[in-house]
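Chain identifiers are assigned alphabetically (A, B, ...) following the order of the sequence lines, protein sequences preceding nucleic acid strands; residue numbering begins at 1 within each chain.
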Protein chains: 2
Amino acid sequence: MVFKLLVVEDDAEIREIITDYFTEKSNQAFDIDFAKTGDEGIEKCMAKEYDLVLLDIMLPGIDGFTICRELRKVSNIPIIFITARHSESDKLYGYHLGCDDYITKPFSLAELYAKVMALLKRSKGMVRNEIMTAGCIKLDPYRCTVFVNDKEVALAPLEFAILKILMENRGKVISRESFIIRLWGYDFDGNERVVDNHVKKLRKALGEGGKLIKTVFKKGYKLEVE
Amino acid sequence: MVFKLLVVEDDAEIREIITDYFTEKSNQAFDIDFAKTGDEGIEKCMAKEYDLVLLDIMLPGIDGFTICRELRKVSNIPIIFITARHSESDKLYGYHLGCDDYITKPFSLAELYAKVMALLKRSKGMVRNEIMTAGCIKLDPYRCTVFVNDKEVALAPLEFAILKILMENRGKVISRESFIIRLWGYDFDGNERVVDNHVKKLRKALGEGGKLIKTVFKKGYKLEVE
DNA sequence: AGGGCATATAATATAAATATAACATATGAA
DNA sequence: TTCATATGTTATATTTATATTATATGCCCT
């Protein structure tokens with residue numbers, strides 16, 4: 001699922017860091033468009049083809065408040081103000097005009113991202129995106145799916161769990177004992193070979209991606225990342 | 001329209017100022033209930049009768065983060081954290097657990113009120129009125145009707161409820177336990193197979209659309225939609 | 001290079017989860 | 001009440017995952 005985002009912001013640097021951060025963090029799940037002036041902003045907003053708008057207030061031409069007010073006459077697209085204005089009255093005015101949230105500069109990209117995801121989830125009934133990536137492998141714990149080179153592969157529950165542990169600890173060696181404790185519990189008294197077997201199946205199922213799982217002699221397994 | 005609000009907060013003064021402000025500002029449009037400890041909070045949340053929860057983090061007993069996590073397993077009720085913890089990592093953790101917004105003490109009552117109203121508008125709009133779509137399936141929660149390829153299909157009430165949960169959480173895997181808590185309540189002590197049975201009937205009733213309901217082995221069910 | 005231990009592999013057996021169907025009970029409308 | 005529909009239970013079939021074992025291969029150290 002790709003989300004269409006409109007960033008109405010005259011500061012080129014801010015546009016750039018948002019694009020970079022969102023693109024990387026989401027694994028290209030955002031299609032980001034820009035408007036550099038208020039006039040361009042209102043025009044693009046009215047096209048009504050975006051899933052969410054990030055709106056600066058002080059802009060060349062029409063200001064962000066006005067854009068929000070006009071937009072709310074014809075649409076209830078999610079709107080987050082992102083602005084240097086800290087005063088409470090500005091925030092309240094923003095909410096009064098029907099925005100969904102408000103973040104002040106300088107802001108944390110991680111926080112902005114979290115706000116966007118929370119709002120998208122609420123407005124679209126859509127999923128927050130916490131896809132993990134390692135090389136050609138992608139894992140979505142929310143949907144319990146795995147992709148290698150963007151092609152879905154089916155994994156058994158234990159294989160999925162093993163891969164998830166490896167991806168949560170990219171580069172780190174995980175011992176067989178550690179896998180067993182995490183997945184079978186302390187009281188498991190079976191054969192340690194069981195881990196090998198599942199790793200083998202996991203590698204096979206991952207195809208090319210399986211090569212990223214490295215055996216570390218006498219230590220365990222790790223997920224190699226570049 | 002009266003909104004039912006739950007305030008989970010151990011500080012009596014804060015509970016009081018919130019109540020006074022919200023009651024006056026909204027002309028008694030809020031029916032406000034309280035929980036003074038984490039344990040009371042989680043119990044009341046699970047009753048599933050509120051429109052929104054304001055959640056303090058540091059509480060006697062179970063903490064707010066835990067309440068949020070548990071709650072999100074069975075509900076997507078709007079949650080706003082309201083806490084003295086300012087750190088970015090706390091905020092991000094809150095969003096990670098699925099909260100909708102976050103406000104730090106000391107906070108402006110007007111701003112909290114604005115956030116609550118914005119969120120209620122968003123969540124009510126979505127759940128109550130909008131037709132949900134997933135592939136060839138359309139569900140109108142307001143009219144309680146379901147269409148597959150624009151042809152209406154008749155569903156039993158439980159089948160409808162199951163489909164609605166799946167569509168509200170498109171893509172997300174929902175466990176049998178989660179279905180049971182949502183639909184039968186946490187004190188249900190019958191057989192888990194009951195979910196399978198209703199899913200089976202639901203799939204059959206949906207015909208072609210039934211194929212979108214995927215079994216995730218050892219995890220539950222999800223609605224597949226790309 | 002070769003012995004000894006570690007790991008990979010494959011085949012098989014076991015166990016577990018899920019689908020299904022038939023039945024029993026409850027609920028609600030006519 | 002009676003009928004129809006919805007729901008819950010249970011037993012069984014089917015599918016799938018998992019564990020065990022035996023054997024082959026590979027790695028590392030002297």
Side-chain angles (χ1 to χ4, degrees), chain A residues 144-146 152-166 173-224, chain B residues 144-146 152-166 173-224:
Chain A
C144 293
T145 51
V146 172
E152 181 164 2
V153 296
L155 296 183
L158 259 178
E159 290 158 30
F160 182 85
I162 287 171
L163 179 61
K164 188 159 162 242
I165 289 172
L166 286 169
V173 179
I174 310 287
S175 69
R176 287 174 179 73
E177 189 194 0
S178 177
F179 275 117
I180 285 173
I181 291 171
R182 292 185 206 218
L183 298 173
W184 284 267
Y186 282 99
D187 51 354
F188 176 83
D189 67 343
N191 195 314
E192 238 186 19
R193 295 296 102 243
V194 75
V195 179
D196 302 46
N197 263 297
H198 290 294
V199 169
K200 170 191 150 9
K201 283 172 187 160
L202 174 57
R203 280 174 168 152
K204 187 176 173 198
L206 291 176
E208 188 192 338
K211 292 173 190 156
L212 295 177
I213 300 173
K214 303 293 183 186
T215 303
V216 182
F217 202 85
K218 279 197 112 181
K219 291 280 189 315
Y221 298 95
K222 69 172 176 180
L223 195 66
E224 187 77 330
Chain B
C144 293
T145 51
V146 173
E152 181 162 3
V153 295
L155 295 183
L158 257 180
E159 289 159 29
F160 181 83
I162 288 171
L163 180 61
K164 185 158 161 248
I165 288 172
L166 286 170
V173 179
I174 310 285
S175 69
R176 286 173 179 74
E177 188 194 1
S178 179
F179 275 117
I180 286 173
I181 293 172
R182 293 185 201 222
L183 299 173
W184 284 268
Y186 60 91
D187 52 354
F188 175 84
D189 67 343
N191 196 310
E192 241 186 16
R193 295 295 102 246
V194 74
V195 179
D196 302 46
N197 265 295
H198 290 293
V199 168
K200 169 185 150 18
K201 284 169 188 162
L202 174 57
R203 278 173 168 153
K204 189 176 173 197
L206 291 176
E208 188 192 338
K211 292 174 190 154
L212 295 178
I213 301 173
K214 304 290 185 188
T215 303
V216 182
F217 203 90
K218 274 194 123 185
K219 293 275 176 0
Y221 298 95
K222 68 175 174 181
L223 195 67
E224 187 76 327

Return the 5'-most residue of the pair L155(B), A156(A) with respect to DNA chain D, ranking by each residue's nearest nucleotide.
->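 First, find each residue's nearest nucleotide; the 5'-ward one identifies L155(B).
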
Nucleotide nearest [X] (side chain, heavy atoms from C-beta), chosen from [options]:
X	options	answer
T215(B)	dT18(C), dT7(D), dA21(C)	dT18(C)
F217(B)	dT18(D), dT16(D), dC28(D)	dT16(D)
V194(A)	dG8(D), dA19(C), dT20(D)	dT20(D)
R176(A)	dA8(C), dA17(D), dT9(D)	dA8(C)
K200(B)	dG8(D), dT18(D), dT20(C)	dT20(C)
K218(B)	dT18(D), dT20(D), dT9(D)	dT18(D)
R193(A)	dT7(D), dT18(D), dA8(C)	dA8(C)

Any side-chain heavy-atom pair of [X] and [Y] under 4.5 Å:
X	Y	value
T215(A)	Y221(A)	yes
R182(B)	I174(B)	yes
V199(B)	F179(B)	no

Is it true that atom CZ of F188(B) has more than 12 heavy atoms of other residues, nucleotides or ligands lying nearer than 6.0 Å?
->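 More than 12 heavy atoms, drawn from other residues, nucleotides or ligands, come within 6.0 Å of this atom.
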
Residue D189(A) excluded, over 12 heavy atoms near CG under 6.0 Å =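 12 or below, so no.
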
Atom pair CD1 (I162(A)) and CZ (R203(A)), whose distance is rounded to the nearest 0.5 Å =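 So the CD1 of I162(A) and the CZ of R203(A) are separated by 10.5 Å.
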
Rounded to whole Å, how long is the line connecting atom [atom1] of [X] with atom [atom2] of [N]?
X	N	atom1	atom2	answer
F188(A)	dA15(C)	CZ	P	14 Å
K204(A)	dT9(C)	NZ	C1'	10 Å
D196(A)	dA22(D)	CG	P	16 Å
H198(A)	dA19(D)	NE2	C1'	7 Å
K214(B)	dT16(D)	NZ	P	13 Å
E192(A)	dA22(D)	CD	P	18 Å
L158(B)	dT5(D)	CG	P	17 Å
I180(B)	dT7(D)	CD1	C1'	14 Å

With respect to the phosphate group of dA8(C), does any side-chain polar atom (N or O) of R203(A) fall under 4.0 Å of OP1 or OP2?
->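 So the side-chain polar atoms of R203(A) do come within 4.0 Å of the phosphate oxygens OP1 or OP2 of dA8(C), strictly under.
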
Does a side-chain N or O from W184(A) land closer than 4.0 Å to OP1 or OP2 of dA19(D), or not?
->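 For dA19(D), OP1 or OP2 has a side-chain N or O of W184(A) closer than 4.0 Å.
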
Given that N197(B) and G220(B) both sit by DNA chain C, which one's nearest nucleotide is further toward the 5' end?
->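 That would be G220(B).
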
So what does Y221(A) touch, heavy atoms closer than 4.0 Å: a base, only the sugar-phosphate, or nothing?
->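 Sugar-phosphate, no base atom in range.
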
Name the nucleic acid region contacted by K201(A), choosing base, sugar-phosphate or nothing; use a 4.0 angstrom heavy-atom cut-off, strictly under.
->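 K201(A): base contact, heavy atoms under 4.0 Å.
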
